[in-house]
Structures are given as C-alpha cells and as structure tokens.
2 protein chains.
Amino acid sequence: MENNLNHAYCPAIETIALIGGRWKVIILHVLSKHARRFGEINVRVPSISRKVLTEQLKELEADGLISRKEYKELPRKVEYALTEYGESLCPLLAYIAAWNKEKV
Amino acid sequence: MENNLNHAYCPAIETIALIGGRWKVIILHVLSKHARRFGEINVRVPSISRKVLTEQLKELEADGLISRKEYKELPRKVEYALTEYGESLCPLLAYIAAWNKEKV
DNA sequence: TCCATTTGTTACTTTAAGGTTACCACTTTT
DNA sequence: AAAAGTGGTAACCTTAAAGTAACAAATGGA
C-alpha cells in the first residue's frame with residue numbers, strides 16, 4: 001500500500017541498529033579472527049577510548065552478538081568472543097572489509 | 001609488526017566512513033531498487049527530516065555513491081540514483097537486509 | 001493576486017556519542 | 001610499602017548528529 005510508506009518495514013534498519021555506530025563493525029571484525037581480551041581489542045581498534053570500548057562491548061553482549069568470559073586469573077583476564085549469532089555476521093563483516101579494497 | 005597495532009590499517013573503517021551513520025544504508029537501500037526523487041526518498045525513509053536527508057544526499061553524492069539529476073520541470077523534480085560505484089554496494093546492502101531476516 | 005507543490009536553506013535548539021581524567025579492585029613483584 | 005598490570009567505573013566536558021520551524025525560488029492554476 002502506497003499510503004503506508006512512512007511506516008514501511010525496512011529490513012536493513014534492525015541490522016543497522018545492531019552493528020551501526022562508529023565502532024561495532026570494527027570490534028566485531030577484530031573478534032571475527034579470534035577471541036580477544038579487553039586490552040587486545042583496545043590496541044587493535046585504533047583510537048577508541050576504554051570507556052567507549054566498555055560501552056560498546058556491553059551493548060554487543062546485550063544484543064547477543066558477543067560473549068564475555070572472565071577467568072579467575074591474575075592479573076584479571078576477560079575474554080570476548082563472537083557468539084554463534086555473532087558468527088553469522090562474519091560474511092557481512094568480510095564483505096564490508098573486502099568492498100573497500102576492491103573499489104576502483 | 002605487533003608493536004604497531006594501534007596504527008594498524010583496518011579495511012572496514014573506510015567503508016564505515018562512507019556508509020556509516022543512521023541513514024545512509026537505508027537511503028542507499030531505497031535507491032538500490034530504483035532512482036527516486038527527493039520526496040519519494042523522504043517518504044520511504046521513516047522519520048528522517050528533510051534537512052538531514054538533504055545533508056546525507058549531499059555527502060553520498062560527494063562520495064560518488066549517488067548522482068543527482070535536476071529536471072527542468074514544474075514543480076521541481078530532482079532525481080537521485082546510485083552511480084556505478086554505488087551499485088557496487090548492492091550485494092552488501094542486500095546482505096544487510098537479508099541477514100536480519102534470516103536470524104534465528 | 002495569492003495559493004499550492006517540490007526541493008531545498010537558514011537559524012536555532014536538543015540529544016546522542018565520544019573523550020578526558022582520575023580513581024578502584026585485586027594480586028604479584030620489588 | 002609501594003608499584004605494576006588488567007579491566008574496569010564515575011564525573012564531567014566537548015563535539016557531532018539530528019530535530020524544529022520558518023522561509024525561499026520557481027511556476028501553474030484558481
């Protein structure tokens with residue numbers, strides 16, 4: 001129905017809600033290679049602050065895309081990894097990275 | 001080199017710079033179906049304001065992803081379409097939309 | 001003459017996102 | 001006792017993004 005367009009469902013919107021923003025794709029891309037602890041992600045995501053990294057990781061965890069595992073070690077060790085749901089994003093993440101390389 | 005990680009090149013970053021943000025993927029997705037005039041995009045992208053739509057369209061045009069064609073008609077008619085470069089994003093846009101549907 | 005339509009623009013305000021700095025908890029090493 | 005390493009948190013500030021409302025240009029028609 002053409003009179004209902006401004007309420008039209010756009011399937012891209014929810015995806016954007018989950019992985020949009022300045023950092024999430026980059027964080028997920030880092031984790032897609034293998035699980036990383038907090039400090040490792042921090043070093044691999046250029047110029048993100050610890051505060052923002054913490055926030056983004058919490059959101060990704062709340063959305064079920066990554067898991068957080070705390071080891072009883074010294075000093076502290078917390079490891080983040082993609083969940084199965086997060087893994088399903090890998091082709092998309094790879095595409096995002098690849099598209100940029102292939103461009104003319 | 002592992003000591004250079006915070007300057008590491010991340011191929012996803014540039015892609016995010018081009019299509020990141022709240023609206024660009026959605027706008028591109030709308031235009032991926034076919035060329036649209038300003039008002040048509042405005043109606044198909046839920047709740048975007050004209051001001052922001054104008055801004056985003058200008059940025060997308062400046063980045064070479066879309067073209068802007070003004071017709072000498074009454075009342076004004078301006079049509080936006082994907083460029084060839086923008087078309088190269090279509091598989092990615094389709095993937096973004098499809099992923100959301102397939103999720104468990 | 002004045003209104004309607006379409007595509008904007010301008011000025012101003014509000015909200016969201018991100019950054020900075022300092023600090024804490026826990027444990028081992030010095 | 002104090003420092004070092006890891007993974008945070010809290011308070012505060014700045015910047016970027018988005019929204020609102022009013023206005024403009026161009027032109028046909030009532």
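Proteins get letters first, then strands, A, B, ... in listed order; numbering begins at 1 in each.
In this structure, CD1 of Ile26(A) is placed 10 Å from P of dG18(C), rounded to the nearest angstrom. In this entry the distance linking CD of Glu40(A) with C1' of dT6(D) reads 12 Å, nearest Å. Summarising the geometry, the separation between CG on Leu53(B) and P on dG8(C) is reported as 9 Å, rounded to the nearest angstrom. What separates CD of Glu79(A) from C1' of dT6(D) is a distance of 14 Å, to the nearest Å. Between the C1' atom of dC26(C) and the NZ atom of Lys77(A) lies a distance of 17 Å, rounded to the nearest Å. Between the P atom of dA17(C) and the CD1 atom of Ile16(B) lies a distance of 16 Å, rounded to the nearest Å. The CG atom of Leu57(B) sits 11 Å away from the C1' atom of dT7(C) (whole-angstrom rounding).
Side chain of Asn42(B) to main chain of Ile48(B): a donor-acceptor pair is present (N/O by atom type, distance under 3.5 Å, no hydrogens or angles).
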B/S/- contact track for nucleotides 15-30 of chain D, protein heavy atom under 4.0 Å: ---BBB-B-----S--

Check against side chain to side chain contact (heavy atoms under 4.5 Å, CB included), Lys69(A) and Val78(A): CA-CA 6 Å; Lys69(A) 183 171 180 185; Val78(A) 180; over 6 Å; no

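In this structure the side chain of Arg44(B) reaches within 4.5 angstrom of the side chain of Val30(B), judged on heavy atoms.
If you check every strand for non-hydrogen atoms under 4.0 Å, Tyr71(B) touches nothing. Within the 4.0 angstrom heavy-atom criterion, no nucleotide atom of any strand lies near Lys72(A).
Taking NZ from Lys58(A) and CD1 from Ile66(A), the interatomic distance works out to 12.0 Å, rounded to the nearest 0.5 Å.
Pairs of residues two or more places apart, or lying in two chains, that qualify as side-chain hydrogen bond (donor to acceptor under 3.5 Å, both in side chains) and include a residue from residues 70-81 of chain A are Arg68(A)-Glu70(A), Arg68(A)-Tyr80(A), Glu70(A)-Arg76(A), Tyr71(A)-Glu79(A).
The nucleotide whose nearest atom lies closest to any side-chain atom of Arg68(B) is, among dG7(D), dT6(C), dG8(C), dG8(C).
The side chain of Lys58(A) contributes an N or O atom lying less than 4.0 Å from OP1 or OP2 of dT9(D).
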Return all side-chain donor-acceptor pairs below 3.5 angstrom for residues 18-29 of chain A, not counting sequence neighbours, or 'none' if the list is empty.
| unit_1 | atom_1 | unit_2 | atom_2 | d |
| --- | --- | --- | --- | --- |
| Lys24(A) | NZ | Glu59(A) | OE1 | 2.6 |

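For Lys51(A) and Glu55(A), the salt-bridge test passes: some basic side-chain N is under 4.0 Å from an acidic carboxylate O.
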